[in-house]
There are 2 protein chains.
Amino acid sequence: MSKRNKSKYAMLGMLSLKPMSGYDIKKNIERGIGSFWNESFSQIYPILRQLTNEGLATVSIEEQIGKPNRNVYSITEQGRAELKEWLDEPIIGQYPMRIELLLKLFFAHNVSPNVMITHVESFQTQMADTLMEYKEVEASLLKKLDSKKESIHYQYMTLKFGIYFCDATLKWCDQVIDDLKKLA
Amino acid sequence: MSKRNKSKYAMLGMLSLKPMSGYDIKKNIERGIGSFWNESFSQIYPILRQLTNEGLATVSIEEQIGKPNRNVYSITEQGRAELKEWLDEPIIGQYPMRIELLLKLFFAHNVSPNVMITHVESFQTQMADTLMEYKEVEASLLKKLDSKKESIHYQYMTLKFGIYFCDATLKWCDQVIDDLKKLA
DNA sequence: GAGAACATGTAAGCGGTTACATGATTAT
DNA sequence: ATAATCATGTAACCGCTTACATGTTCTC
């Protein structure tokens, strides 16, 4: 009944794309699903070891010259089965969002409107940067959409979420800055 | 340097609106900022006590007939000062988002598209419900906008974020369901 | 009669971040 | 030279959720 650890499924999902090391997984999470998911090394490495103990993944050590060895993990049939089981499950409950900017804005009557204008503007530039990154990824994904890999389509759908979110947020920022200026 | 506990400021912020009990704060958080912030009783009560120990709030016990006593907290000048300090600070770093639906969608090549159609559709109806609630709150806020309380304006701005977010998400759901049907 | 709302709290445990530890290679 | 990338891990700590504990009144 308690909140299950979803990091495990994030690992299995990543390994379902291709065999990877812990380091690879970190990078792929950042570049691929960083807008709505994050994992740190201190979670990744122990979970990966746990997966092998449970027979959901196997390891092979790749020796490299001049670099540390890579522990490359591959998903097993059993791992795939467990991943599918999780994918089938309906999603219950809410994702917790804690957006500090909005918390401050809600209590902004305690300070001058200019304070919040500054905060919202820097939030806005951050968002604009993020959107540009997404657009670049989009361009590279669009080239691959014809390929036989259906996973590309799913990657594109999640990316679109990020783009929709940024767009909406940027429009909101414009409006809020306008409103704040009227109060100032 | 470590991640500071922002729950404290959520409490101070709530008390900056009016004196409240822990129970009141919980309700006000749910109804007012629930779309981007949450607190549980096991955080609220200890923090409230801590605030009084630090001189940031005072308590008064209201006796009631047939109901448990209410411990009503009021913010002190010192509390207001600390709240303002926090409001002034620039917001550093990212808010962690963990949206399970998107995690599943990213790995959806492992299951039939119909599985994700089901998930996205129930996500969509949830969002639509949320949006309706927001619209109701919006209607009641619009009536109060003329009032002398400037805090209403800030409440409206944060509510607008929720509305923008829901709108964008609903449009995204429409598109994704279309795309998924083409894959099925 | 069941369940929600009112009202306050504690204890245990997991989830997750931050800091620590190590060290070579490559790019600026 | 300095920083970044590659690469794997551990330990400590904090934040937060879940479960537990208690009891009345009001609503369906």
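All chains are named by letter (A, B, ...) in the order of the sequence lines, taking the proteins before the strands, and each is independently numbered beginning at 1.
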Taking NZ, NE, NH1 and NH2 as the nitrogens, is one of them in Glu89(B) or Lys104(A) under 4.0 Å from a carboxylate oxygen of the other? no

For the pair made of NZ in Lys8(A) and P in dC14(C), what is the distance, rounded to whole Å? 15 Å

Does Gln43(B) form a side chain to side chain donor-acceptor pair (under 3.5 Å) with Ser40(B)? I'd like the steps, not just the answer. CA-CA 6 Å; Gln43(B) 285 169 276; Ser40(B) 53; 3.2 Å; yes

Between Asn69(B) and dC6(C), is there a contact of a side-chain N or O with OP1 or OP2 at under 4.0 Å? no

Output yes when at least one side-chain N/O atom of Gln43(A) is less than 4.0 Å from OP1 or OP2 of dT17(C), else no. yes

Which nucleotide in the list dA7(C), dC6(D), dC16(D) gets nearest to the side chain of Arg98(A)? dC16(D)

Could you tell me how far apart Trp37(B) (CH2) and dC16(D) (C1') are, to the nearest whole angstrom? 12 Å

Taking CD from Glu30(B) and P from dA5(C), how many angstroms apart are they, rounded to a whole number? 10 Å

Categorize Gln64(A) for me: base, sugar-phosphate, or nothing, with a 4.0 angstrom heavy-atom threshold over every strand shown. sugar-phosphate

Quick one, Gln78(B) with Glu82(B), criterion side chain to side chain donor-acceptor pair (under 3.5 Å). Give me CA distance, side-chain angles, the key distance, then yes/no. CA-CA 6 Å; Gln78(B) 213 188 319; Glu82(B) 202 152 319; 5.2 Å; no

Polar atoms only, N or O, under 3.5 Å: list the protein pairs with nucleotides 9-11 of chain D and their distances.
{"unit_1": "dG9(D)", "atom_1": "OP1", "unit_2": "Arg49(A)", "atom_2": "NH2", "d": "3.2"}
{"unit_1": "dG9(D)", "atom_1": "OP2", "unit_2": "Asn71(A)", "atom_2": "ND2", "d": "3.0"}

Whole-Å distance between dG16(C) P and Asn38(A) CG? 8 Å

What is the distance, rounded to the nearest whole Å, between atom CE of Met20(A) and atom P of dA7(D)? 14 Å

Around Gln64(A), counting heavy atoms of other residues, nucleotides and ligands shown, do more than 12 lie under 6.0 Å from its CD? yes

For the residue pair His109(B) and Phe107(B), categorise the inter-ring angle as parallel (less than 30°), tilted (30 to 60°) or perpendicular (more than 60°). perpendicular

Is there a chain of hydrophobic side chains (I, L, V, M, F, W, Y, each step under 4.5 Å between heavy atoms) that links Val137(A) to Leu145(A)? yes

Roughly how many Å is it from CD in Gln50(B) to C1' in dT8(C), rounded to a whole number? 18 Å

Check this for me: does any side-chain nitrogen of one of Asp24(A) and Arg70(A) sit under 4.0 Å from a carboxylate oxygen of the other? yes

Looking at Tyr9(B), Phe36(B), Trp86(B), which hits side-chain contact (heavy atoms from CB on, under 4.5 Å) with Glu100(A)? Trp86(B)

Under a 3.5 Å threshold, yes or no: a donor from one side chain and an acceptor from the other, between Ser21(A) and Asn71(A)? no

Rounded to whole angstroms, how far apart are CD on Glu39(A) and P on dG15(C)? 11 Å

Whichever of Lys27(A) and Ser7(B) has its nearest DNA chain D nucleotide further upstream toward 5': Lys27(A)

Check the orientation of Phe41(B) and Tyr45(B). Use parallel for under 30°, tilted for 30 to 60°, and perpendicular for over 60°. parallel

Without decimals, in angstroms, what is the distance between Ile44(A) CD1 and dT17(C) P? 10 Å

In 5'-to-3' order, the base (B), backbone-only (S) or no-contact (-) status of each nucleotide in nucleotides 23-28 of chain D, using a 4.0 angstrom heavy-atom cut-off, is BSS---

Along DNA chain C (nearest heavy atom to each residue), the more 5'-positioned of Ser40(A) and Arg70(B): Arg70(B)

Ser21(B) vs dA7(C): side-chain N/O to OP1/OP2 distance below 4.0 Å: no

